[in-house]
Structure formats: C-alpha cells, structure tokens
K.L.:
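Below: one structure in structure tokens.
Small disclaimer: the values here were computed from a predicted structure and weren't measured.
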Amino acid sequence: MQPRVFAILTALLLGVLGLGSVAVTDWSPAAATADQGPGAPAARQAAAGVGTAGATPSGDPAVWTRSTLRNKLMAEMDATDPGVALADLDRITKEKPYTVRFCHPIAHELGHSAVKRFNADFQKVISFPHETCAAGYLHGAVEEMLNASPQPETDLLKLCAPKNTGPCIHGVGHGTMFVVKQDVAKARDLCNKFPTDQNRIRCSEGLFMQLFGPDEEDEQAKANLPADKLAQDPLYPCKDQPSLFQSACFFYAPTFYLSSHDYPNHPEVYAEALKWCLNGKAGGGAVDCSRGVGSRTMKYNLDREDWAAQQCATAADGWQRKACAEGLVSYYTVNYTDGGAAGRLCGKITSPEMQGYCRSASGLSSSLD
C-alpha cells in the first residue's frame, strides 16, 4: 500500500475510534463515595453546624445541629400545628439518638410558641401529644403561661389541676424561674405554694433543672451562678437549700458541671464529674449528684448505652457506681416510656456488676428527666 493512502486510512480510523469513545464515556461529575468517613469536609461542616452534609431521601440533613432541627420544627409548627412538629421531633430523636442532647430545649421553644399562637388557651396547647423529649413541650408551655400571668402565685396552682401530673408540676418549676428571673429563693417560695410535699418536690425538680440547664437562647433563663460562690462550694447552692429541696438540686447540679467543661469534646469529663460529686459527701448530696451524673451521661449518649455504663464503672466505690447506674435507668425510662425500656438498657450493658445495678434499679421512679 502506498504510504500516502496508508496515512489517510489511519487518520480516518483514529477519528472513528475517537468519536466512539466520546459517545460511550460518562462525562457527568463523579458521585461522592460512600466511605468518605467522618473527616470528609461535608460531614465536618454539618457537625459544626455549617451547611449540611447532604440530604436524606426525606430531605433531612445527614447530621442535625440544634439550630437546623429547631428551625425545621418551628417552620413545621407555623405551617401546620404543634402535633405535626412534635411527631416529627419524636421520629428524629428515635432515628438519631444524639439529637436527644438538644431536643428538650427545642421542645420548650415549641411550647412557648404554641401558647402565643393559641392566645394562652392552655387546654388547647396541651391537647397535642407532648410526651416526647421528656415532656419539654409541656414545660415550655407552662413557663410561658406563668411568665405572662399577672398572678403567677395563684395561677401556678390552677394550670395542672385537676390531674396535677408529675410532668406538669415539673413544668411549673421551670416556670417559677422565669417569673422570678432566676432567683432561687423566690422560685422556691412559689413552689411552696403547693399544699403537698410531693408536688413541692416535683416543682423543685423543674426549678433546679432550669437553674443548671437553662434554655440557651433565652437570656432571661441563663444560669446565675456566681464564680466566687462556686469557688468556695463546687455544689453551690445545694447545701444552702431546705432539706425538701436538696435532692433535686444535687441531682441537677452535674448538668452545669458537664456543660461548663465542654462535655461534647471531652468525654473524660463524665468520670471526672463523679469525682466532683464527692464534694457533696459531707452535706449528704453525693448520692443524688452521682445519680444526676448517670442521668446526664445517658441523656447525652443514648446511642452508646454500654459506653455510658462504663463511665459509671469508673467510680472508686460501689455505692457511687450503683447511684450512677440508677441515673442511667432513670433517664432511659423517661426517654423510652414503654414498659420494656429498662430491660433493653440492662441487656446492652456488658459489665456484670453494672448490669446488676441496672436490674436492681429497674423499678426506679421515672419522674426526673
């Protein structure tokens, strides 16, 4: 074959092959691989609350932050009603247990907003199922009702009547702190308006939960704990409370300790909190404080139950490990309200000692959240 003819045929052949390769090549952008891991830029942004890490088929972000979840639910409630938003919150907390860390204050906000939406018609507000996130919606609604009341000292006795359920009275305790702008002594006086010790104690639970773990986005609700007092007494103001109110104070004090020590980024702080609780030994509050550590440890780690039990196991003494385990059960049974919740929790604990403490605590009252 002549060289010129051979060159022409070769060029034609290469052209055809080139066009074929263009036709069969997928020029769309490559999809992200499924095994990028938690260090991937999108995941890091979502964890930090910057943007989202992609969306699930339902349109939800891959990783929820407090602000993204709060904004979604508030928009849903505005467009529909509190029942829809609360049902969605319940779904999300079950699918993503880590959201329980911030679902309670979000539910508080929903309750506040509902009272305003329904013009303080409290029976209408609480007509929607509101047990999710340890009844945070109910607590927020009671807070708003009392905060707006011209006579909170008498209205607090009417709000929960005639049933006077534990969660509702607990919500009144939250509300007293709003009314008196975080003045513990004045809030305590309001709780003492209840005629029975049982309801005074329930009210004190909400009071001290609000003191040590306030709604972060409400400036009027932020903790007012003077640094000089804490330096003298790490468990301030619990030792200064009347005996009827001390138990709830010691129980919720670890909430402030954990948050002020950046527990999301320092997992060792749970074990340190148990040592910190020993400051309450002389005043008789170390057991309640240790129960509180167990409760908060479970709340913040619902997706790793055995790990939470391992933190309780770090306590040097058996009485404290037992108290911490009681706190684990207390919160778990508040969050999962079905009858088999405690049994499921105990079955996930691998330490025989801690599992034994869990089983012995399975009948513990679940009024504390």
Side-chain angles (χ1 to χ4, degrees), residues 46 49 51-148 159-160 163 165-172 174-175 178 206 209-210 213-218 221 299-300 302-303 331-339 341 366 369:
T52 62
T56 63
S58 65
D60 293 343
V63 179
W64 288 106
T65 65
R66 173 171 170 154
S67 60
T68 57
L69 183 55
R70 181 256 183 208
N71 292 342
K72 170 188 170 68
L73 295 170
M74 293 297 286
E76 277 187 349
M77 191 172 81
D78 288 344
T80 54
D81 61 52
V84 173
L86 289 166
D88 213 15
L89 179 58
D90 186 60
R91 172 187 66 81
I92 291 168
T93 55
K94 285 181 169 60
E95 291 176 355
K96 308 282 188 180
Y98 67 85
T99 59
V100 173
R101 296 167 190 161
F102 43 79
C103 78
H104 190 85
I106 291 174
H108 271 227
E109 284 197 70
L110 293 173
H112 280 273
S113 183
V115 169
K116 295 173 182 175
R117 174 174 174 175
F118 296 114
N119 298 314
D121 182 346
F122 188 65
Q123 294 307 311
K124 174 66 176 177
V125 169
I126 64 172
S127 67
F128 303 96
H130 50 256
E131 291 76 20
T132 191
C133 295
Y137 171 84
L138 173 61
H139 299 169
V142 174
E143 288 171 1
E144 186 63 32
M145 291 292 295
L146 286 180
N147 198 35
L159 275 175
C160 301
K163 294 182 179 180
T165 63
C168 189
I169 303 294
H170 178 109
V172 169
H174 282 272
F178 276 77
M209 184 177 178
Q210 190 64 39
D215 299 323
E216 297 173 12
E217 295 178 4
D218 191 327
K299 177 175 182 176
Y300 304 149
L302 267 174
D303 49 347
Y331 190 82
Y332 202 82
T333 53
V334 164
N335 189 73
Y336 299 110
T337 55
D338 60 282
S366 61
D369 64 0

K.L.:
What residue pairs, at least two apart or across chains, pass side-chain hydrogen bond (donor to acceptor under 3.5 Å, both in side chains) with a residue in residues 121-132?
P.N.:
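Residue pairs passing side-chain hydrogen bond (donor to acceptor under 3.5 Å, both in side chains), neighbours aside: Asp90-Thr132.
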
K.L.:
Could you tell me which non-hydrogen atom of Tyr336 sits nearest to which non-hydrogen atom of Ala341, and how far apart they are?
P.N.:
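Closest approach of Tyr336 to Ala341, heavy atoms only: O-CB, 3.1 Å.
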
K.L.:
Any side-chain heavy atom of Glu143 sitting closer than 4.5 Å to one from Gln210?
P.N.:
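Yes, side chains in contact.
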
K.L.:
Can the ring centroids of Phe178 and His112 be said to lie less than 6.0 angstrom from one another?
P.N.:
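That pair passes the under 6.0 Å test.
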
K.L.:
So, using side chain to side chain contact (heavy atoms under 4.5 Å, CB included) as the criterion, who are the partners of Asp78 when residues are at least two apart?
P.N.:
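Expected list: none.
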
K.L.:
Parallel, tilted or perpendicular: which fits the ring planes of His104 and His174, with parallel below 30° and perpendicular above 60°?
P.N.:
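The rings of His104 and His174 sit tilted, inter-plane angle from 30° to 60°.
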
K.L.:
Taking side chain to side chain contact (heavy atoms under 4.5 Å, CB included) as the test, write out the residues that go with Ala120, two or more places apart.
P.N.:
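Partners of Ala120 under the side chain to side chain contact (heavy atoms under 4.5 Å, CB included) test: Val115, Met145.
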
K.L.:
Would you say Leu110 and Met74 make side-chain contact, with heavy atoms under 4.5 Å?
P.N.:
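Yes, at least one pair of side-chain atoms sits under 4.5 Å.
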
K.L.:
What distance do Lys299 atom NZ and Cys133 atom SG have between them, rounded to the nearest 0.5 Å?
P.N.:
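Going from NZ on Lys299 over to SG on Cys133, the span is 8.5 Å.
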
K.L.:
Going by heavy atoms in the side chains, are Tyr137 and Leu89 under 4.5 Å from each other?
P.N.:
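No, too far: nothing below the 4.5 Å cut-off.
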
K.L.:
Taking all non-hydrogen atoms of both residues, which atom of Met77 and which atom of Ala114 are closest, and how far apart?
P.N.:
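Where Met77 meets Ala114 most closely, the heavy atoms are CE-N, 3.8 Å.
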
K.L.:
Which atoms form the tightest heavy-atom contact between Ala85 and Leu73, and what is the distance?
P.N.:
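Looks like O-CD2, 3.3 Å.
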
K.L.:
So Val172 and Cys160, do their side chains get closer than 4.5 Å, heavy atoms only?
P.N.:
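A side-chain contact under 4.5 Å exists here.
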
K.L.:
Should Val84 and Phe128 count as side-chain neighbours, where that means a heavy-atom distance under 4.5 Å?
P.N.:
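No, side chains not in contact.
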
K.L.:
Return the set of residues passing side chain to side chain contact (heavy atoms under 4.5 Å, CB included) with Asn119 (not counting sequence neighbours), or none when no residue passes.
P.N.:
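Result, side chain to side chain contact (heavy atoms under 4.5 Å, CB included) vs Asn119: none returned.
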
K.L.:
Who are the side-chain hydrogen bond (donor to acceptor under 3.5 Å, both in side chains) partners of Asp88, not counting sequence neighbours?
P.N.:
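side-chain hydrogen bond (donor to acceptor under 3.5 Å, both in side chains) check on Asp88 returns Lys72, Arg91.
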
K.L.:
Do you know which two heavy atoms are closest between Phe122 and Leu159, and how far apart they sit?
P.N.:
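Residues Phe122 and Leu159, closest heavy atoms: CE2-O, 3.4 Å.
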
K.L.:
In the structure I gave you, are the side-chain heavy atoms of Leu138 and Cys168 within less than 4.5 Å of one another anywhere?
P.N.:
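Leu138 vs Cys168: side chains touch.
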
K.L.:
For residues Tyr300 and Val100, determine if any side-chain heavy atom of one lies less than 4.5 Å from a side-chain heavy atom of the other.
P.N.:
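The answer is no; the side chains never approach within 4.5 Å.
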
K.L.:
Donor-acceptor check, side chain of Asn71 to backbone of Ser67, threshold 3.5 angstrom: yes or no?
P.N.:
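Confirmed, Asn71 side chain pairs with Ser67 backbone.
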
K.L.:
Name all residues meeting the side chain to side chain contact (heavy atoms under 4.5 Å, CB included) criterion together with Thr99; count only those two or more places apart in sequence or in a different chain, and write none if there are none.
P.N.:
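Listed in chain order: Trp64, Leu69, Ile92, Thr93, Lys96, Phe102.
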
K.L.:
Quick one, Ile106 and Arg66 - any side-chain contact, counting heavy atoms below 4.5 Å?
P.N.:
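Yes - at least one pair of side-chain heavy atoms lies under 4.5 Å apart.
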
